**Student:** 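Structure provided below as structure tokens; questions to follow.
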Amino acid sequence: MPPQRLRAIQKALMTWYRIHQRDLPWRRTRSAYRIWVSEVMLQQTQVETVIPYYRRFIRRFPSLSALASSDLEAVLKVWEGLGYYSRARHLLEASQIIARDYRGRIPRDLQVFLRLPGVGDYIGAAVLSIAFQKPYAAVDGNVKRVLSRLQAIDLPMNASASSRVFKHAAQALLDRDAPGISNQAFMEFGALQCIPRNPLCNCCPLRRLCKAYQSNTVKRLPNRGSRRTVPTRHVAVGVVYNRDRVLITRRAPRGLLGGLWEFPGGAIGADESARAACLREIREETGLSVTVGDHLATVRHAYTHFKVVIDVFRCAYQGGTVHLSGPVDFRWVSIAELDQFAFPSANKKFMHLLIRR
DNA sequence: AAAGCGGGGCT
DNA sequence: AGCCCAGCTTT
């Protein structure tokens, strides 16, 4: 790239950022730990969603040592509803590794930092540039979109084969005098100005530098690649009452909704009724015999790779002792105690029906 | 290289 | 209904 063009882009972005940057909680700290927490939460998650979670998390775990001495149960409760729960588990594990092996200091060496669970190219570059002024370009979805337009890069954003090109382009544009601000400027510009649909080209200070704008190809960039349609799964779930307590089970720590608590249930088979599936799944998962009573709710929920329709039934404990198959733990709890446990959002959609009955 | 992994907001 | 979001890990 011509050095003149390079400097013009850097200067325009930095000027734009000074004027338009948002006042965000994690921009008011120099703590590498807090910046790291924010970056983990911001993965695939919009700023407005993250803000209240970030505040609660920092209030509950103000320092890395506070987090490291906590446990998964407590961390998931704060993370409840934010999604991608492996982020929380990895953050906890990484904090414990740092406390044990690095005397509580976040590694400033990229290769060392990248070995921690949950730390990939983006988190590594973002945290080390913002907290320690290290010269690494952070490449997220915003940056790839901005680069696609600015440099007219017609490569599918979601393909791993394209990452090398985007990373190289981003590194070339990084302002090495202020890499942390430079990275944030690129991302903020993508979030506020060079937005996915209908970018604000009319008032864009970079439009004379933008190859897509100059060639009238903004509408075709970025190249989003392809994706497939998601299937729908039908699930039956039971709220099993034994006197005034209900049964909850805990999911295995890895995989979908790892470590969260839920009401037992499972997929409805072909040629199977929802009630029959409810009875069968509870017996298979917990070994308990129940009777299936009232239909409490039908809940719809969308995940990344599938949609689910959940039929929820009130059930009554009949007999047997719990022998878990699938879940890794269980509790009999009162309705009032439910809010002490972290549940998936799909469960929260019907839990309010259980209050005071 | 592709799939798995949440949830919310916007069009 | 589809698309997108301050991505990482596993296979």
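Quantities reported herein were computed from a predicted structural model and do not represent experimental measurements. The sequence lines fix the lettering, A, B, ..., with proteins before strands; numbering per chain opens at 1.
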**Student:** Between C1' on C/dA1 and CZ on A/R300, what's the gap in Å once rounded to a whole number?
**Tutor:** 14 Å
**Student:** Only one of A/L91, A/I58, A/I98 passes side chain to side chain contact (heavy atoms under 4.5 Å, CB included) with A/L67; say which it is.
**Tutor:** A/L91
**Student:** Any base atoms under 4.0 Å from A/G81, or only sugar-phosphate, or nothing? Heavy atoms, all strands.
**Tutor:** sugar-phosphate
**Student:** Please tell me if A/R197 has a side-chain N or O lying less than 4.0 Å from either OP1 or OP2 of C/dG2.
**Tutor:** no
**Student:** Using the closest heavy atom to pick a nucleotide of DNA chain B for each, name whichever of A/A159 or A/Y84 lands nearer the 5' end.
**Tutor:** A/A159
**Student:** How close or far is atom P of B/dA3 from atom CG of A/N158, stated in whole angstroms?
**Tutor:** 11 Å
**Student:** When we call it a touch if two heavy atoms are under 4.0 Å apart, what does A/W26 touch: a base, just sugar-phosphate, or nothing?
**Tutor:** base
**Student:** Would A/E80 and A/R56 pass as an ion pair if we require N to O under 4.0 Å?
**Tutor:** no
**Student:** How long is the line joining CZ of A/F186 and C1' of C/dA6, in whole Å?
**Tutor:** 14 Å
**Student:** Quantified in whole Å, what is the P atom distance between nucleotide C/dT10 and nucleotide B/dG6?
**Tutor:** 14 Å
**Student:** With P as the reference atom in both, quote the distance from C/dA1 to B/dC5 in angstrom, rounded to an integer.
**Tutor:** 22 Å
**Student:** A/D140 side chain: which of C/dC5, B/dG7, C/dA6 is closest?
**Tutor:** C/dA6
**Student:** Is it true that A/K77 and A/E73 have a side-chain N and a carboxylate O under 4.0 angstrom from each other?
**Tutor:** no
**Student:** Would you classify A/D121 as touching base, sugar-phosphate or nothing, given that sugar-phosphate means primed atoms plus P, OP1 and OP2, and contacts are heavy atoms under 4.0 Å?
**Tutor:** sugar-phosphate
**Student:** Looking for any heavy atom pair under 4.0 Å, which part of the strands does A/E188 touch: base, sugar-phosphate only, or nothing?
**Tutor:** base
**Student:** Please report, rounded to the nearest Å, how far the P atom of C/dA6 is from the OH atom of A/Y53.
**Tutor:** 17 Å
**Student:** Given C/dC5, C/dC8, B/dG6, identify the nucleotide with an atom nearest to the side chain of A/R87.
**Tutor:** B/dG6
**Student:** Taking only N and O in the side chain of A/Q43, is any of them less than 4.0 Å away from OP1 or OP2 of C/dA6?
**Tutor:** no
**Student:** Pick the C1' atom in C/dT9 and in B/dG8, then give their distance to the nearest Å.
**Tutor:** 23 Å
**Student:** Taking the side chain of A/H301 as heavy atoms from C-beta outward, which of B/dG6, C/dC3, B/dG7 is closest to it?
**Tutor:** B/dG7
**Student:** Indicate yes or no: does A/D175 engage A/K11 in a salt bridge with an N to O separation below 4.0 Å.
**Tutor:** no
**Student:** Assign A/V119 to base, sugar-phosphate, or nothing according to its heavy-atom contacts below 4.0 angstrom with the strands shown.
**Tutor:** sugar-phosphate
**Student:** Under 4.0 Å between a side-chain nitrogen and a carboxylate oxygen: does that hold for A/R331 and A/E337?
**Tutor:** no
**Student:** Nearest-Å distance, CG (A/L256) to P (C/dT10)?
**Tutor:** 16 Å
**Student:** A/M187 has a side chain; which of C/dA6, C/dC8, B/dG6 sits nearest to it?
**Tutor:** C/dA6
**Student:** Return whichever of A/E39 or A/L116 has its heavy-atom-nearest nucleotide of DNA chain C closer to the 5' end.
**Tutor:** A/E39
**Student:** Would you say the base of B/dC5 stacks on A/H305 (centre-to-centre below 5.5 Å, plane angle below 30°)?
**Tutor:** yes
**Student:** Compare side-chain N and O positions of A/R254 against OP1 and OP2 of C/dT10 and report whether any pair is under 4.0 Å apart.
**Tutor:** yes
**Student:** Does A/T49 contact B/dG9 through a side-chain donor or acceptor facing the base, at a distance under 3.5 Å?
**Tutor:** no
**Student:** Can you tell me how far P of B/dG7 sits from CD of A/E48, to the nearest Å?
**Tutor:** 20 Å
**Student:** Tell me if the aromatic rings of A/F306 and A/Y303 count as close, with their centers under 6.0 Å from one another.
**Tutor:** yes
**Student:** When rounded to the nearest Å, what value does the distance between P atoms of B/dG9 and C/dC8 take?
**Tutor:** 24 Å
**Student:** Within the structure shown, what part of the strands sits under 4.0 Å from A/I123 by heavy-atom distance: base, sugar-phosphate, or nothing?
**Tutor:** sugar-phosphate
**Student:** Could you work out which one of C/dA6, B/dG6, C/dT9 sits closest to the side chain of A/H90?
**Tutor:** C/dT9
**Student:** Nearest to the side chain of A/S345 - C/dC8, B/dG8, C/dC5?
**Tutor:** B/dG8
**Student:** Closest to the A/R27 side chain: C/dC5, C/dT9, C/dA6?
**Tutor:** C/dA6
**Student:** Looking only at side-chain atoms of A/K307, point me to the closest of B/dG7, C/dC5, C/dG2.
**Tutor:** C/dG2
**Student:** In whole Å, I'd like the distance from the CD atom of A/Q21 to the C1' atom of C/dA6.
**Tutor:** 15 Å
**Student:** Does anything in residues 252-297 of chain A pair up under ring-ring contact (aromatic ring centres under 6.0 Å, His included), and if so which pairs, sequence neighbours excluded?
**Tutor:** A/W261-A/F341, A/F263-A/F343, A/F263-A/F350, A/H295-A/F313
**Student:** Atom CG of A/L257 to atom P of B/dG4: distance rounded to whole Å?
**Tutor:** 15 Å
